[in-house]
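Report on one structure; see the data block that follows.
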2 protein chains.
Amino acid sequence: MSDPGLACCTPLSGTAMSADQAEQVAPLLKALADPVRLRLVSLIASSTTGEACVCDLNDAFDLTQATISHHLKVLHSAGVLDREKRGVWVYYAVRPEALAAVASLFQAPALTPA
Amino acid sequence: MSDPGLACCTPLSGTAMSADQAEQVAPLLKALADPVRLRLVSLIASSTTGEACVCDLNDAFDLTQATISHHLKVLHSAGVLDREKRGVWVYYAVRPEALAAVASLFQAPALTPA
DNA sequence: ACAGGACATCGACGGGCGTCGATGTCTGAA
DNA sequence: TTCAGACATCGACGCCCGTCGATGTCCTGT
């Protein structure tokens with residue numbers, strides 16, 4: 001606590017992000033803040049069909065199928081990936097809204113200095 | 001591993017993010033993937049002078065000064081915040097390049113489906 | 001009906017993270 | 001020189017996260 005008569009700086013005006021906003025966006029960031037999950041999203045997004053099945057994603061990593069499945073579940077729960085089962089295989093596709101939300105977040109005035 | 005003669009889908013072409021890229025960007029995302037740190041960055045960015053001292057940031061949270069100092073250190077180590085000591089007080093300012101890097105990442109073709 | 005494969009779930013392990021109280025370091029003022 | 005305040009660092013605690021092997025579930029040929 002600083003003495004009000006001896007302020008060290010201007011008292012933080014402007015419209016900052018609310019605590020609720022931060023609590024809401026943080027899980028999305030946290031889901032993407034992992035190198036494996038970033039590559040998973042990138043692999044799916046860069047696929048020619050815009051989607052990918054788990055078997056091919058497994059081959060792209062030196063990780064267990066259980067681990068890849070776990071990461072896909074995290075991304076799906078966070079709203080980054082869509083999940084669709086067709087026959088024996090499961091296909092994941094990226095949700096552009098989720099990525100756009102993150103992109104716009106770091107261009108919003110609340111996070112971009114003047 | 002899927003039988004090559006019985007492919008489940010097209011074999012993941014396109015230019016995806018490399019493992020090195022993912023390993024390099026993930027720490028930046030991880031530093032921002034916390035509600036307290038998001039609010040810290042937002043508070044500093046929305047300040048009238050574009051910077052803020054620790055004493056004022058402390059008052060905005062129900063957290064210990066040690067915890068706020070820890071979060072600021074994480075953000076500084078990740079390259080999100082600049083640190084400058086003037087007299088008794090320490091001022092933090094956001095590095096727009098870091099935020100712009102994240103924003104552009106989620107607009108890059110490697111992460112944006114066609 | 002049966003077998004085999006694709007994918008999810010479970011339980012467990014080690015390590016890292018967020019938070020705290022206590023203490024250290026530095027600066028400016030008396 | 002001494003003191004008080006601003007901020008950083010330290011050590012510790014509980015909890016969550018990434019990874020694994022093992023097992024379960026569902027679908028499809030045979």
Side-chain angles (χ1 to χ4, degrees), chain A residues 1-9 19 22-23 26-41 44 51-78 81-93, chain B residues 1-9 19 22-23 26-41 44 51-78 81-93:
Chain A
M1 300 185 217
S2 57
D3 190 312
L6 201 67
C8 55
C9 57
E23 298 275 356
L28 180 59
L29 269 299
K30 194 172 289 189
L32 292 165
D34 182 275
V36 174
R37 290 199 284 265
L38 272 179
R39 287 182 60 199
L40 279 171
V41 174
I44 298 172
E51 59 185 10
C53 68
V54 183
C55 59
D56 281 347
L57 295 174
N58 268 329
D59 298 354
F61 297 87
D62 279 338
L63 291 172
T64 305
Q65 176 261 330
T67 301
I68 299 296
S69 188
H70 163 70
H71 285 308
L72 290 171
K73 181 191 181 73
V74 171
L75 288 169
H76 176 60
S77 300
L81 294 183
D82 265 336
R83 193 184 109 100
E84 186 188 358
K85 182 167 188 174
R86 289 205 294 269
V88 192
W89 297 299
V90 174
Y91 294 80
Y92 284 91
Chain B
M1 296 190 219
S2 58
D3 190 313
L6 202 65
C8 55
C9 56
E23 298 274 357
L28 180 58
L29 270 299
K30 192 172 291 188
L32 291 165
D34 181 275
V36 174
R37 291 200 283 266
L38 271 180
R39 287 182 62 201
L40 279 171
V41 173
I44 298 172
E51 59 184 9
C53 69
V54 183
C55 58
D56 282 347
L57 295 173
N58 267 329
D59 298 354
F61 298 87
D62 279 337
L63 292 172
T64 306
Q65 175 261 330
T67 300
I68 299 296
S69 187
H70 163 70
H71 284 309
L72 290 170
K73 180 191 180 73
V74 171
L75 289 168
H76 177 60
S77 300
L81 294 183
D82 265 335
R83 194 184 108 101
E84 185 187 358
K85 182 166 188 174
R86 288 204 296 269
V88 190
W89 298 299
V90 174
Y91 294 80
Y92 283 91

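Letters A, B, ... mirror the listed sequences (proteins, then strands); counts begin at 1.
- The side chain of A/V54 has C/dC7 as its nearest neighbour among C/dC26, C/dC17, C/dC7.
- Picking from D/dG18, D/dG21, D/dG5 the nucleotide with the shortest atom distance to the side chain of A/R37 gives D/dG18.
- Looking at the side chain of B/K85, the nearest of the listed nucleotides D/dA8, D/dG18, C/dC26 is C/dC26.
- Shown here are the side chain to side chain donor-acceptor pair (under 3.5 Å) partners of B/H71, two or more places apart in sequence or in another chain: B/R37.
- Each of B/V74 and B/A66 was assigned the nucleotide of DNA chain C with the nearest heavy atom; the assignment lying further toward the 5' end belongs to B/V74.
- When distances run from any side-chain atom of B/C53 to the nucleotides D/dT9, D/dC17, D/dC7, the shortest one goes to D/dC7.
- Computed from coordinates, the A/L81 CG to C/dC7 C1' distance equals 15 Å when rounded to whole Å.
- Taking side-chain N and O atoms only, A/Y92 has a distance below 4.0 Å to OP1 or OP2 of C/dA8.
- Remark: B/R83 is not positioned above the aromatic ring of B/Y91, lacking an NZ or CZ atom under 6.0 angstrom from the ring centre and at most 45 degrees off the axis.
- Between A/T67 and D/dT19, a side-chain N or O to OP1/OP2 separation shorter than 4.0 Å is absent.
- The backbone N or O of A/L63 sits nowhere less than 3.5 Å from a side-chain atom of A/T67 that would complete a donor-acceptor pair.
- In this structure, CG of A/L63 is placed 16 Å from P of C/dC7, rounded to the nearest angstrom.
- Between the C1' atom of C/dA6 and the CG atom of A/D59 lies a distance of 12 Å, rounded to the nearest Å.
- Across the protein-nucleic acid pair, A/Y91 atom OH and C/dA8 atom P stand 13 Å apart, rounded to whole Å.
- Side-chain atoms of A/V90 lie closest to C/dA8 of the nucleotides C/dT19, C/dA8, D/dG18.
- Considering only side-chain atoms of A/H71, the nucleotide from D/dA8, D/dC7, D/dT19 that sits closest is D/dT19.
- Among the protein residues, A/H70 comes within range of the nucleic acid bases, having at least one heavy atom under 4.0 Å from a base atom.
- Each of C/dT9, C/dA6, D/dC20 was ranked by its minimum atom distance to the side chain of A/W89; first place goes to C/dA6.
- With rounding to whole Å, A/D56 atom CG is found 14 Å from C/dC7 atom C1'.
- Looking at every heavy atom in both residues, B/A26 comes nearest to A/P35 through CB-CD, 3.5 Å.
- For C/dA8, its base sits under 3.5 Å from the side chain of A/Q65 at one donor and acceptor pair at least.
- Side chain of A/S69 to backbone of A/Q65: no donor-acceptor contact under 3.5 angstrom is found.
- Checking the phosphate oxygens (OP1, OP2) of D/dC20, a side-chain nitrogen or oxygen of A/T64 falls inside 4.0 Å.
- The only option from A/L57, A/D82, A/L75, A/D56 that meets the side-chain contact (heavy atoms from CB on, under 4.5 Å) definition with A/I44 turns out to be A/L57.
- The separation between A/N58 atom CG and D/dC20 atom C1' is 14 Å, rounded to whole Å.
- The residue A/F61 sits apart from the nucleic acid: no heavy atom pair falls under 4.0 Å.
- As judged by a 4.0 angstrom heavy-atom cut-off over every strand, B/I68 is placed among residues making no nucleic acid contact.
- Counting to the nearest Å, the P atom of D/dG18 and the CG atom of B/L29 are 13 Å from each other.
- Here the P atom of nucleotide C/dC17 and the CG atom of B/D34 are 11 Å apart, to the nearest Å.
- Using a 4.0 Å heavy-atom cutoff across all strands shown, B/L72 reaches no nucleic acid atom at all.
- When each of A/D62 and A/G87 is assigned the nucleotide of DNA chain D with its nearest heavy atom, A/D62 is the one assigned upstream, toward the 5' end.
- Residue B/R83 is in sugar-phosphate contact alone, with no base atom involved, counting any heavy-atom pair closer than 4.0 Å across all strands shown.
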* To do: Report the C-alpha separation of B/T64 and B/I68 in whole Å, then their side-chain angles, then the decisive distance to 0.1 Å, and conclude whether the side-chain contact (heavy atoms from CB on, under 4.5 Å) test is met.
  => CA-CA 7 Å; B/T64 306; B/I68 299 296; over 6 Å; no
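- When the nucleotides D/dT9, D/dC7, D/dA6 are ranked by their closest atom to the side chain of B/C55, D/dC7 comes out on top.
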